[in-house]
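Residue numbering restarts at 1 for every chain, and letters A, B, ... go by the order of the sequence lines.
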Amino acid sequence: MPELPEVETIRRQLLPIYRGEIIDRVKTQKVRIFQNIAPEEFAKLLKGRKILDITRYGKFCIFNCGSAYAVFHLGMSGIFLKDKRDSFHPQHIHIQFHFSTGKELYFQDVRKFGKVWLFEEQPEFDKLGIDPTTRKFTLNNFQKLLNLRQMNIKFLLMNQSVLAGIGNIYANEILFNAGISPFRKSNDLKEEEIAGLYSSVRLILNQAMKKFGTSYSAYRTVSGEKGKNQRFLKVYQRTNQECYRCSNPIKKIVMGSRSTFYCENCQK
DNA sequence: TCTGACCTGCGA
DNA sequence: TCGCAGGTCAGA
């Protein structure tokens with residue numbers, strides 16, 4: 001559920017609170033979210049380190065602690081909470097950070113689809129595609145990505161090795177905004193359609209970041225509050241409701257075991 | 001390229 | 001009680 005706008009919202013909130021903080025103690029649970037390190041080792045290696053920066057690539061959030069980089073993927077239900085107030089569920093807290101100033105930070109993940117790594121060097125993310133918020137995301141590069149593949153356009157938008165950061169909610173919204181059917185093939189799009197799709201990717205993601213992300217289920221900001229973008233969705237979870245453009249009912253089908261929402265009339 | 005498994009809470 | 005939500009990955 002947390003896609004690029006949600007992870008970026010979390011990063012923007014974490015940074016001013018925790019940059020410069022020294023990790024006094026880390027408490028971990030033995031859960032399968034730890035990928036390349038045992039939970040107790042993760043805690044041991046981060047103890048005493050200072051958080052120098054918090055960055056993001058695609059859906060990954062990276063805590064730069066000098067020669068230790070803690071990388072988080074929030075999966076479906078992973079969130080960071082700065083205190084035990086709103087949305088805090090103690091049984092689903094897998095990592096607790098205690099800082100020397102008394103601040104705390106909790107990583108909570110109800111469904112345990114989240115993933116955590118610890119690296120000595122800054123990770124390269126070379127298996128990931130272009131993050132649409134970076135300078136590499138140009139119309140020219142986007143055009144090349146589409147032309148190289150004969151792939152269903154919705155799957156392409158969600159394919160992290162092509163574009164890093166888009167998930168099911170925003171893929172649906174982007175295609176509606178661009179007026180492109182989710183059934184089209186990527187290398188079948190006309191030049192003007194690609195240009196429209198490119199603008200839609202930028203527009204939809206930027207709008208969602210301004211609204212602090214979409215809270216459909218578990219996603220919460222660092223303060224435990226819901227995002228506000230769910231009020232502005234045009235097709236996602238609007239089955240049989242009127243299309244905002246043409247009043248036809250929004251359709252829902254399952255593609256690749258994922259729900260796809262679209263307007264048959266507006267998306268060609 | 002597609003499907004199922006992972007995982008838990010929620011709603012029908 | 002069961003289906004659904006969906007990000008990722010392994011396996012067919």
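At the heavy-atom level, A:Gln150 lies under 4.0 Å from the strands shown only through sugar-phosphate atoms. Backbone-only engagement by A:Lys252 is indicated by non-hydrogen atom pairs under 4.0 Å involving sugar-phosphate atoms exclusively. Using a 4.0 Å heavy-atom criterion, one finds that A:Ser259 contacts the sugar-phosphate atoms exclusively.
When each of A:Tyr69, A:Phe80, A:Phe107, A:Tyr18 is paired with A:Phe63, the ring pair (Phe, Tyr, Trp, His ring centres under 6.0 Å) condition holds for A:Phe80 and for no other. Shown are A:Glu3, A:Glu173, A:Arg258, A:Lys154; of these, the side chain to side chain donor-acceptor pair (under 3.5 Å) with A:Asn168 is made only by A:Lys154.
Cation-pi geometry between A:Arg220 and A:Phe212 is not met at under 6.0 angstrom from the ring centre and within 45 degrees of the axis. Because its NZ or CZ atom is both nearer than 6.0 Å to the ring centre of A:Phe232 and within 45° of the ring axis, A:Lys211 counts as a cation-pi partner of that residue. Geometrically, A:Arg56 does not engage A:Phe72 in a cation-pi contact, judged by NZ or CZ lying under 6.0 Å from the ring centre and within 45° of the ring axis.
Atom CH2 of A:Trp117 and atom C1' of C:dG7 are 11 Å apart (whole Å). In this structure, A:Asn172 atom CG and C:dA5 atom P are separated by 11 Å, rounded to whole Å. The interatomic distance linking A:His73 (NE2) with C:dG7 (P) rounds to 9 Å, in whole Å. The distance from atom CD of A:Glu6 to atom P of C:dA5 is 18 Å, rounded to the nearest whole Å. Atom NZ of A:Lys127 and atom C1' of C:dG7 are 16 Å apart (whole Å). Between A:Gln237 atom CD and B:dC10 atom C1' the separation is 13 Å, expressed in whole Å. In this entry the distance linking CE of A:Met76 with P of C:dC9 reads 14 Å, nearest Å. In this structure, A:Met158 atom CE and C:dC9 atom C1' are separated by 14 Å, rounded to whole Å.
OP1 and OP2 of C:dG7 both lie 4.0 Å or more from every side-chain N or O belonging to A:Gln160. Within the structure, every side-chain polar atom (N or O) of A:Lys115 is placed at least 4.0 Å from both OP1 and OP2 of C:dC9.
Between A:Phe137 and A:Tyr198, the distance separating the two ring centers is shorter than 6.0 angstrom.
Evaluation of the side chain to side chain contact (heavy atoms under 4.5 Å, CB included) rule for A:Phe60 yields A:Val71, A:His73, A:Trp117, A:Phe125, A:Leu128 as partners, not counting sequence neighbours.
Among B:dT1, C:dG7, B:dC2, the nucleotide with an atom closest to any side-chain atom of A:Asn168 is C:dG7.
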Every protein N/O lying under 3.5 Å from an N/O of nucleotides 6-8 of chain B:
from, atom 1, to, atom 2, distance (Å)
B:dC7, OP1, A:Arg32, NH1, 3.3
B:dC7, O4', A:Arg111, O, 3.4
B:dC7, O2, A:Arg111, NE, 2.9
B:dC7, O2, A:Arg111, NH2, 3.3
B:dT8, OP1, A:Lys112, NZ, 2.2

